[in-house]
Amino acid sequence: VPLVESGGGVVQAGGSLNLSCTARALRFNAYAMAWFRHAPGKDREVVATITRSGFPRYYVDSEKGRFTISRNNDKNTVYLQMNSLDFEDTAVYYCAAGGVPAGLPRYYAYWGRGSQVTVSS
């Protein structure tokens, strides 16, 4: 598995989580990275993308600033800091690596297995 996510779990509404995704056997700094999420009964959706050099773009809740994507190319790791979590954020979160920082899954060649995030009352 080229990408391994960690940091998911159960958190109370209003809480925070920081997801990590470490690349293995990939030339990490050659890829744009993204976080997607898939909630039950919904389509998979992109949360945020980041270019090879670290320029972010947000697709979910961009106006509220609850999510922050970042990367450390020296550690082959991309992060997703999530704050003020609510029930609608419950989903499996996946990181993905691709040639361009696009918002569609088909542009990403490598995927992790996902990390469950559950927001509880």
Side-chain angles (χ1 to χ4, degrees):
V1 179
L3 299 171
V4 180
E5 300 97 339
S6 62
V10 180
V11 62
Q12 287 188 328
S16 299
L17 282 175
N18 189 26
L19 302 181
S20 300
C21 171
T22 300
R24 301 177 177 178
L26 281 181
R27 193 159 56 96
F28 182 75
N29 60 6
Y31 293 93
M33 301 297 296
W35 285 97
F36 288 81
R37 68 184 183 183
H38 192 185
K42 297 183 179 179
D43 293 333
R44 181 171 43 180
E45 64 175 345
V46 60
V47 177
T49 62
I50 190 165
T51 65
R52 288 174 290 177
S53 59
F55 187 82
R57 180 176 178 180
Y58 300 97
Y59 294 78
V60 171
D61 236 25
S62 59
E63 71 279 6
K64 295 182 180 179
R66 297 191 299 121
F67 299 103
T68 302
I69 188 171
S70 61
R71 67 188 294 163
N72 185 326
N73 286 342
D74 291 334
K75 295 184 177 181
N76 294 342
T77 301
V78 62
Y79 306 93
L80 183 68
Q81 175 67 41
M82 304 185 292
N83 300 322
S84 302
L85 288 164
D86 61 35
F87 303 118
E88 293 186 351
D89 296 315
T90 294
V92 179
Y93 285 71
Y94 299 89
C95 68
V100 294
L104 296 174
R106 66 173 182 262
Y107 288 96
Y108 294 87
Y110 301 101
W111 292 80
R113 290 179 175 172
S115 181
Q116 176 70 48
V117 171
T118 302
V119 183
S120 66
S121 59

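Note that the coordinates shown come from a computational prediction; the quantities given were computed from them, not determined experimentally.
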Check [X] against [Y] and note the closest heavy-atom contact, atom names and distance.
X   : Y    : result
V46 : V60  : O-CG2, 3.3 Å
Y58 : A48  : CD2-CB, 3.7 Å
F28 : A23  : CD1-CB, 3.5 Å
E5  : G112 : OE2-CA, 3.2 Å

Hey, are the side chains of [X] and [Y] touching, using non-hydrogen atoms and a 4.5 Å cut-off?
X    : Y    : value
R24  : P2   : no
I69  : V78  : yes
D89  : R66  : yes
W35  : F67  : no
R27  : N29  : yes
P101 : R57  : no
T90  : Q116 : yes

Query raised in the report: Okay, side chain of Y59, backbone of F36: is any donor-acceptor separation there less than 3.5 Å?
Result: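 Absent.
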
**Report entry** L85-V10 co-clustered via ILVMFWY side chain contacts under 4.5 Å
**Finding:** no

From [atom1] ([X]) to [atom2] ([Y]), nearest 0.5 Å:
X    : Y   : atom1 : atom2 : result
N73  : M33 : CG    : CE    : 9.5 Å
Y31  : L3  : OH    : CG    : 9.5 Å
R71  : N76 : CZ    : CG    : 9.0 Å
Q81  : L19 : CD    : CG    : 8.5 Å
Y107 : T49 : OH    : OG1   : 13.0 Å

Report task. Would you kindly say whether S16 and N83 are connected by a side-chain donor-acceptor distance under 3.5 Å? Result -> yes

Query - Residue that, paired with M82, satisfies side-chain contact (heavy atoms from CB on, under 4.5 Å) out of N18, V117, T68 - result: V117

Report summary line: Contacts of E45 meeting salt bridge (charged side-chain N to carboxylate O under 4.0 Å, His left out) (sequence neighbours excluded), chain-then-number -> R37

Report task. Would you please name every residue forming a side chain to side chain contact (heavy atoms under 4.5 Å, CB included) with S20, sequence neighbours left out? Result -> S6, T77, Y79

Requested in this report: For the pair Y94 and W111, name the ring-plane relationship: parallel under 30°, tilted 30 to 60°, perpendicular over 60°.
Outcome: perpendicular

